[in-house]
Amino acid sequence: MADAAAASAHHSDDEEVTPGYVAPAKKTVEEIAELDKDDEALVKYKQALLGEAVGKTGAPLKVTVKSMSFETAGRDPIVMDLTGDLTKLKDTSVVIKEGCEYQLNFTFEVDGEIVSGLRFHQNISRKGIPVSRLNLMLGSFGPRVDPHTFKTPSDEAPKGALARGTYHAKCKFIDDDKCVHLAWEWAFKIQNDW
């Protein structure tokens, strides 16, 4: 949490940028399918990426984030359902062992059109004081039948007596068009053991 956040700590809460990233021009799935129709290899590549989405779009873009799981070696993942009542996540703390290596794993669906530049933002505070910020580019994803998954780089939970306690995280998924697809809050508690 701290390493990735330190890199983007100089950004304000409202500044949602990835350094050096320039958003691509907006195109529909059909427009992309029509490009370079004479290049057989490129047509096969686009079919592999877009799958059954070609010809079945036209609906507005919809990103549905299904779940976020906290994964660490030697333990079952802690899965948070992001489709139901999100206030429960804020009111119930997830227990995390101090110093453990972990990854967050997201499962989400994309319908209608391609979502360009999907990013995950997380601001973590303790007792109202900001302690960490994460701005992670997930990428661009096309509509398909199977859900997409994305696993964050490995990170280490804070450790030591001063790091133990309850933390509050504000999260959101946002794209290049500044459309917030999901915003939620969750709480976790750093302890010396599970």
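Numbering starts at 1 and runs along the sequence shown.
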Quiz item: N105 and M68: side chain to side chain contact (heavy atoms under 4.5 Å, CB included), yes or no, with the steps?
Solution: CA-CA 6 Å; N105 190 12; M68 176 178 82; over 6 Å; no
Quiz item: Which residues pass the side-chain hydrogen bond (donor to acceptor under 3.5 Å, both in side chains) test with K151, sequence neighbours left out?
Solution: E71
Quiz item: How long is the gap from CG on L138 to CG on D175, to the nearest 0.5 Å?
Solution: 11.5 Å
Quiz item: What's the verdict on side chain to side chain contact (heavy atoms under 4.5 Å, CB included) for F150 and L136, showing C-alpha distance, side-chain angles and the deciding distance?
Solution: CA-CA 11 Å; F150 183 88; L136 186 64; 3.7 Å; yes
Practice problem: Might you point out which heavy atoms bring S140 and G117 nearest each other, and give the distance in Å? | Solution: OG-N, 3.0 Å
Quiz item: Between CZ of F120 and CE of M137, what distance do you get to the nearest 0.5 Å?
Solution: 14.0 Å
Self-check item: ring pair (Phe, Tyr, Trp, His ring centres under 6.0 Å) against Y167, all qualifying residues, sequence neighbours excluded
Solution: F188
Exercise. Check the pair V63 / F141 against side chain to side chain contact (heavy atoms under 4.5 Å, CB included), numbers first and verdict last.
Key: CA-CA 10 Å; V63 177; F141 301 89; over 6 Å; no
Quiz item: Quick one: does T149's side chain get under 4.5 Å of F106's, heavy atoms only?
Solution: no
Exercise. Scan side-chain atoms only and decide if D81 and S67 contain a donor-acceptor pair under the 3.5 Å cut-off.
Key: no
Exercise. Indicate yes or no for a side-chain donor-acceptor contact from H148 to the backbone of G142 under 3.5 Å, with no hydrogens or angles considered.
Key: yes
Quiz item: Do the side chains of K90 and K88 get nearer than 4.5 Å, heavy atoms only?
Solution: no
Self-check item: Residue list, side chain to side chain contact (heavy atoms under 4.5 Å, CB included) with E98, at least two apart or on another chain
Solution: K159, R164, I190, N192
Quiz item: Atom NZ of K66 and atom CG of L182: how far apart are they, to the nearest 0.5 Å?
Solution: 11.5 Å
Quiz item: Please walk me through it: do E156 and Y102 pass side chain to side chain contact (heavy atoms under 4.5 Å, CB included)?
Solution: CA-CA 6 Å; E156 183 180 344; Y102 72 91; 5.7 Å; no
Quiz item: How would you list, by chain and number, every residue that makes a side chain to side chain contact (heavy atoms under 4.5 Å, CB included) with A187, sequence neighbours excluded?
Solution: S93
Exercise. Look up atom CH2 in W186 and atom OG1 in T92, then write down how far apart they are to the nearest 0.5 Å.
Key: 12.5 Å
Quiz item: Do you reckon L104 sits in the same ILVMFWY cluster as V95, going by side-chain contacts under 4.5 Å, direct or chained?
Solution: no
Self-check item: Those residues that, when tested against H181, pass ring pair (Phe, Tyr, Trp, His ring centres under 6.0 Å) (two or more places apart)
Solution: none
Quiz prompt | Nearest-0.5 Å distance, CG of residue L118 to SG of residue C179 | solution = 10.0 Å
Quiz item: Roughly how far apart are M80 CE and L86 CG, rounded to 0.5 Å?
Solution: 11.5 Å
Quiz item: F173 vs F108 aromatic rings, parallel, tilted or perpendicular, using cut-offs 30° and 60°?
Solution: tilted
Self-check item: Where V65 and T83 come nearest, the two heavy atoms and their spacing
Solution: O-CG2, 3.9 Å
Self-check item: Residues in side chain to side chain contact (heavy atoms under 4.5 Å, CB included) contact with P147, at least two apart in sequence or another chain
Solution: T107, E109
Quiz item: Hey, does D177 have a side-chain heavy atom less than 4.5 Å from the side chain of S116?
Solution: no
Self-check item: Minimum heavy-atom distance Q122-C171, with the two atoms named
Solution: OE1-SG, 3.3 Å
Quiz item: For K170, what residues pass the side chain to side chain contact (heavy atoms under 4.5 Å, CB included) criterion, not counting sequence neighbours?
Solution: H168, E185
Under 3.5 Å donor-acceptor pairs involving side-chain atoms of residues 72-79, not counting sequence neighbours:
from	atom 1	to	atom 2	distance (Å)
T72	OG1	E101	O	2.5

